[in-house]
Amino acid sequence: MNRWTVAIHEAGHAVAGFVLTGTRVVATLHSDGGGAAWPREELPPTDRAIMTAAGPIAKSLAERHAPPEVEPPSGSQTSSSPQALPTLESVATPETAADLRVAIARAIPDHVLLARWCIAGVEDEPERWARRHAWIQRLATRLVGEHEKHIFEVARVLYLRGAVSVPLLQRNAS
């Protein structure tokens with residue numbers, strides 16, 4: 001995935017987590033081309049599944065929204081080489097970045113988390129697994145559709161800064 005698609009994907013997770021918990025969710029982009037999003041509070045299993053499903057569903061928004069324009073650094077007179085956009089590794093302390101790299105290495109992919117949720121508690125009823133998956137996908141699709149504008153704004157900030165906290169802080173004009 002390119003940086004914009006990853007930003008939209010992670011913004012989908014982050015906005016879903018915020019909508020479901022009402023508390024802060026952090027999203028980051030990484031130097032390896034990946035990203036992460038995690039809520040500041042633990043989610044119940046079904047809410048965690050909705051948040052997990054929202055990321056891949058939100059990726060389709062990348063087709064409808066162009067990535068933000070990147071302004072050249074001040075004092076730059078040529079744009080012959082592409083500007084390196086920030087990642088968590090370039091904006092965080094080395095200790096924070098190292099800790100997060102370890103956590104990410106242990107992270108379970110979205111599709112595996114969803115599969116585990118779909119069978120949890122009904123391991124001996126495989127006919128229910130697909131129904132649970134379809135249900136969680138419908139809930140996540142509805143959440144993404146209802147919050148598309150917010151997801152796009154979070155993705156824009158994440159794309160440009162490499163890290164974002166949802167909800168976005170609004171600055172007062174003064």
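This structure is a prediction, so every number in the text was calculated from the model and none was measured. Residues: numbered from 1 along the sequence shown.
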Donor-acceptor pair, distance only, cut-off 3.5 Å: does the side chain of Thr21 make one with the backbone of Gly17? yes
Practice prompt. Taking the side chain as every heavy atom from C-beta outward, state whether Val6 and Asn2 have any atom pair closer than 4.5 Å.
Written response: no
Let me check something: do Met1 and Val164 share a hydrophobic cluster, defined by ILVMFWY side-chain heavy atoms less than 4.5 Å apart, either directly or through other members? yes
Nearest heavy-atom approach of Ala54 to Ala140 is N-CB, 3.9 Å
Quick check: do Val144 and Leu61 have side-chain heavy atoms less than 4.5 Å from each other?
yes
Sorted by chain and residue number, the side chain to side chain donor-acceptor pair (under 3.5 Å) partners of Asp124 (sequence neighbours excluded) come out as none
Apart from Val102 itself, its cluster of hydrophobic side chains linked below 4.5 Å comprises none
Would Ile50 and Ile108 show up in the same hydrophobic cluster when neighbours are defined by side-chain heavy atoms closer than 4.5 Å? no
The complete set of ring pair (Phe, Tyr, Trp, His ring centres under 6.0 Å) pairs with one or both residues in residues 6-40, sequence neighbours excluded, reads His9-His13
So CG of Leu158 and CD1 of Ile8: to nearest 0.5 Å the spacing works out to 9.5 Å
- Side-chain contact test, heavy atoms from C-beta onward, threshold under 4.5 Å: evaluate it for Val26 versus Thr28 and give yes or no. yes
Closest non-hydrogen atoms of Gly12 and Ala58, given as atom of the first, atom of the second and distance, are CA-CB, 3.8 Å
| said: If hydrophobic clusters are built from ILVMFWY residues whose side chains come within less than 4.5 Å, do Met51 and Leu113 share one? | reply: no
Residues passing the salt bridge (charged side-chain N to carboxylate O under 4.0 Å, His left out) test with Arg132, sequence neighbours excluded, are none
query: Are any side-chain N or O atoms of Trp4 and backbone N or O atoms of His65, one a donor and one an acceptor, separated by less than 3.5 Å?
result: yes
### Task
Please examine the side chains of Leu29 and Leu88, heavy atoms only from C-beta on, and report whether any two atoms are closer than 4.5 Å.
no
With sequence neighbours left out, the residues meeting salt bridge (charged side-chain N to carboxylate O under 4.0 Å, His left out) with Arg3 are none
Here the gap from His150 atom NE2 to Leu143 atom CG, rounded to the nearest 0.5 Å, amounts to 11.0 Å
Can you list the steps and then say if Glu153 with Lys149 is a side chain to side chain contact (heavy atoms under 4.5 Å, CB included)? CA-CA 6 Å; Glu153 182 59 23; Lys149 184 178 176 182; 5.9 Å; no
Quiz item: Any side-chain heavy atom of Ile57 within less than 4.5 Å of one from Gln137?
Solution: yes
Donor-acceptor under 3.5 Å (Glu10 side chain, Ala27 main chain): no
- Query: Hey, is CD on Glu123 packed in by over 12 heavy atoms from elsewhere, all under 6.0 Å?
  - Reply: yes
- Note, Thr46 side chain near Ile136 side chain (heavy atom, < 4.5 Å): yes
Are Leu20 and Leu168 co-members of a hydrophobic cluster defined by side-chain heavy atoms under 4.5 Å apart? yes
Kindly indicate whether the side chain of Pro39, heavy atoms from C-beta on, has any atom under 4.5 Å from the side chain of Arg48. yes
One should read off an interatomic distance between Glu146 CD and Thr141 OG1, to the nearest 0.5 angstrom, of 11.0 Å
Quick note, ring pair (Phe, Tyr, Trp, His ring centres under 6.0 Å) partners involving residues 104-138, not counting sequence neighbours, are none
Handout entry: Test: Glu41 and Arg24 ion pair at under 4.0 Å
Key = no
Q.
Please tell me whether Val154 and Leu160 are part of a single hydrophobic cluster in this structure, the criterion being side-chain heavy atoms less than 4.5 Å apart.
A. yes
Output for pair (Ser90 OG, Arg161 CZ), nearest 0.5 Å, gives 13.5 Å
